[in-house]
Structures are given as structure tokens and as C-alpha cells.
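What you are looking at is a predicted structure, and each value in this text was computed from that prediction instead of being measured. When a ligand or atom number is given, it counts from 1 through the structure's own listing order.
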Amino acid sequence: MPQTHLITGAGSGIGALVAQRLADRGDRLVLVARDAARAADLTAAFPTAAPLIVDLAHPERLADAVAAADFPDAVDTVIHAAGIVDLGEVADLPLSAWTSQVTVNLVAPAELTRLVLPRVRAAKGQVVFVNSGAGLTAHPQWAAYAASKHGLKALADALRGEEAPHGVRVTTVYPGRTATPMQAKVHEQEGADYRPEAFIDPASVVTAILTAIDLPRDAVISDVTVRPGPR
Ligand SMILES: NC(=O)c1ccc[n+]([C@@H]2O[C@H](COP(=O)([O-])OP(=O)(O)OC[C@H]3O[C@@H](n4cnc5c(N)ncnc54)[C@H](OP(=O)(O)O)[C@@H]3O)[C@@H](O)[C@H]2O)c1
């Protein structure tokens, strides 16, 4: 039976590929787009998908956006793939970089999860957080992004315990550096040459996500770390 998936970040990188794989198997998609123009792009790419138009930098707008979206009563999975990164030392990082990363990478996933949980419970569904190796270890230059992702780990871990009695599974995927537009931007900020072939293929991260979603319900993949393979 086709499932329903709510996906953020479906316009690029890991989120776009996971949306493609789920659309290819005939599942129903509800896709978050930051504005009407990006929603039009997503509708062109995924003609049967329903848009949920909201800028995740403004999580206070999520409640109205969810209320306005064309949503079924049961949602099998929520896949939080949207994210932003801005590197910089704590000595230099402006307040706006802290606020934007914590808002988009942590507060928005928390608020979106809260708003759709009744539908996820109705499906005995699953919430998947695309975290990062930076959610486990914080390196110099990565303080704000890593803090947002450490927070996302805390959100997922607490939610897993809270939702188990409701039959909802919670999974965190921790990818290492993955060849997407975000990684190209990171290299720009690091002033380094970007060779996508040196990094994880986003399709491999998507395979890990789909494995967690498709796992039989007697078990849950709570956490999965995806590292670059030996070359
Ligand atoms: N690439 C890596 O090396 C890597 C490694 C570890 C973890 N991750 C994580 O993996 C996830 C996917 O990253 P990616 O590499 O696929 O990045 P990406 O190609 O840059 O895609 C990010 C997506 O997030 C969306 N997004 C960002 N800000 C938004 C906002 N304010 N409102 C709505 N949507 C917004 C973007 O929307 P637009 O398309 O409209 O810009 C885009 O679709 C992120 O959570 C990232 O932190 C990435």
C-alpha cells in the first residue's frame, strides 16, 4: 500500500534524492518548500506531491502552513532533511549565523514534528532526522552548526522515548561529508577545492534512510552513522 511521507529539504541534495526514490515507488509526498517559487519547482519535479509552503527560518509560521496544506490524516514518515551551514570561529561568528542555524536545523524540526505528531501516531509512523557527524563531535569552525545538530540529537533521543508508547519510531541518520550543494558551499567557506567524488554519494545516505523506513516493525534503527567508505 502506498505510504505518505512529509519531507523537508526535497529541493536539493539528500532530500531531493529521497523524495525521488519514494515517488518512484508510488508513495504520496507532502513536500516543504520555502516559498511559492520553490513550491513550483517541486511540483514540476514531483507532479503528484502536495506542497507545504513555509520558510523554516520562521518556525512560528509552521502552524498556519500545516493547517493550510493538503494533508492526509495519517502520515507514515516525516523526513527532516532541510538544513543550512555557516562556518566560522566562535570569535567571529555573528549572532545571525547562530540564530539562523539553530532555527532551521533544530527549532523548525521540533515545531514541525510537534504539529504533525497526531498524524504520525495515527499511522504508527516514523520520524527521521538527517543529522550529521557534527551532531556527535564539534570541530573548530563548526560551533554553531554542530550545536544545532547536537540539539537535533537531543530532540530525537527524547522523542524516541516519548513516542514509543504511541507506536512511533524515531531514527537519526548521521552522514559524514556528502557530495551535495551544501558540501560545495562548505568547501567554498573553507577555501578548498571541491572534488565531489571524494565524498559520500547522497544516494548512499538515501539508501540508509530507506533501510530505516522499510525495516520491519519488530525493530527500529535508532541511529545510523554513514561514513565515507574506504577508497
Ligand atoms: N552534505 C553534507 O556533507 C552533509 C553531511 C552531514 C549532514 N548533512 C545534512 O543533510 C541534510 C541535507 O543536506 P544536503 O547536503 O542535501 O543540503 P542541500 O543540498 O543544501 O539541501 C538543503 C535543503 O534544505 C532546504 N532549506 C534550507 N533552508 C531552508 C528554509 N529556511 N526553509 C525551507 N527549506 C530550507 C533547501 O531548500 P532550497 O532548495 O529552497 O534551498 C534545500 O532543499 C541537512 O540537514 C544537512 O545538515 C549534510
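Between Met182, Arg34, His187, Lys185, it is Met182 that holds the heavy atom closest to atom 17 (O) of ligand 1. By heavy-atom distance, the residue among Gly176, Pro109, Ser132 lying nearest atom 4 (C) of ligand 1 is Gly176. When the options Leu42, Val32, Thr178 are ranked by their closest heavy atom to atom 2 (C) of ligand 1, first place goes to Thr178.
Residue contacts with ligand 1, taken as heavy atom pairs separated by less than 4.0 Å, involve Tyr145 solely via side-chain atoms from C-beta onward. Residue contacts with ligand 1, taken as heavy atom pairs separated by less than 4.0 Å, involve Arg38 solely via side-chain atoms from C-beta onward. Looking at His80 against ligand 1, nothing comes within 4.0 Å, counting heavy atoms. Residue-level proximity to ligand 1 for Ile84 is carried by the side chain, the only part with a heavy atom below 4.0 angstrom. The backbone of Ala81, and not its side chain, has at least one atom closer than 4.0 Å to an atom of ligand 1 (non-hydrogen atoms only; backbone = N, CA, C, O). With a heavy-atom cut-off of 4.0 Å, Thr180 touches ligand 1 through its side chain alone.
For ligand 1, the atoms closer than 4.0 angstrom to any heavy atom of Ile14 are 10 (O), 16 (O). Close approach of ligand 1 to Pro181 (heavy-atom distance below 4.0 Å) involves ligand atoms 19 (O). If you number the atoms of ligand 1 from 1 as listed, the ones under 4.0 Å from a heavy atom of Asn131 come out as 6 (C), 7 (C), 8 (N), 9 (C). Close approach of ligand 1 to Arg177 is summarised as follows: ligand atoms under 4.0 Å from at least one heavy atom of the residue are 3 (O). Per-residue contacts place Ala57 under 4.0 angstrom from the following atoms of ligand 1 (heavy atoms of the residue considered): 31 (N). Atoms of ligand 1 found under 4.0 Å from any heavy atom of Gly13 (numbered from 1 in listed order, with element): 16 (O), 19 (O). For ligand 1, the atoms sitting less than 4.0 Å from at least one non-hydrogen atom of Val130 are 9 (C), 10 (O), 11 (C), 45 (O), numbered in the order shown with element in parentheses. Of all atoms in ligand 1, numbered sequentially from 1 with element shown, those under 4.0 Å from a heavy atom of Ala82 are 24 (O), 25 (C), 26 (N), 45 (O).
The OH atom of Tyr174 lies 5.0 Å from the CG atom of Asn131; values are rounded to the nearest 0.5 Å.
Taking the charged nitrogens against the carboxylate oxygens, Arg121 and Glu162 have no contact shorter than 4.0 Å, which rules out a salt bridge. Classification of Asp76 and Arg119 as a salt-bridged pair fails, no side-chain N sitting under 4.0 Å from a carboxylate O. For Asp24 and Arg21, the salt-bridge test fails: no basic side-chain N is under 4.0 Å from an acidic carboxylate O. Between Glu111 and Arg114 a salt bridge is recorded (basic side-chain N to carboxylate O distance below 4.0 Å). Between Arg61 and Asp64, none of the side-chain N atoms (NZ, or NE/NH1/NH2) sits under 4.0 Å from a carboxylate O, so this pair counts as no salt bridge.
Counting heavy atoms from C-beta outward, Phe129 and Pro109 have side chains that approach closer than 4.5 Å. For the pair Asp223/Ile221, no side-chain contact is recorded, criterion being any heavy-atom separation below 4.5 Å from C-beta on. Residues Thr103 and Pro59 form a side-chain contact, since some pair of their non-hydrogen atoms from C-beta on lies under 4.5 Å apart. When side chains are defined from C-beta on, Ile7 counts as touching Leu22, because their heavy atoms get closer than 4.5 Å. Leu106 places none of its side-chain heavy atoms less than 4.5 Å from the side chain of Gln101.
Formation of a donor-acceptor pair under 3.5 Å by the Thr180 side chain with backbone atoms of Met182 is found in this model.
In this structure, atom 23 (C) of ligand 1 lies nearest to the protein heavy atom Gly9 CA, 3.6 Å. Annotation: atom 45 (O) of ligand 1 to nearest protein heavy atom, Lys149 NZ, 2.9 Å. Protein heavy atom in closest approach to atom 6 (C) of ligand 1: Pro175 O, 3.2 Å. The closest protein non-hydrogen atom to atom 19 (O) of ligand 1 is Ser12 OG, 2.6 Å. Among all protein heavy atoms, the one lying closest to atom 32 (N) of ligand 1 is Leu56 N, 3.0 Å. Ranking protein heavy atoms by distance to atom 22 (C) of ligand 1, first place goes to Gly83 O, 3.8 Å. Among all protein heavy atoms, the one lying closest to atom 31 (N) of ligand 1 is Asp55 OD1, 2.8 Å.
A side-chain donor from one of Gln126 and Thr171 sits under 3.5 Å from a side-chain acceptor of the other. Thr8 and His80 share no donor-acceptor pair across their side chains, judged by distance under 3.5 Å alone.
In terms of polar-atom proximity, Gly133 is not counted as a contact of ligand 1, lacking any N or O under 3.5 Å from an N or O of the ligand.
Ile79 is connected to Leu210 through a chain of hydrophobic side-chain contacts under 4.5 Å among Ile, Leu, Val, Met, Phe, Trp and Tyr, so both are in one cluster.
Not a single heavy atom of Phe199 sits less than 4.0 Å from an atom of ligand 1.
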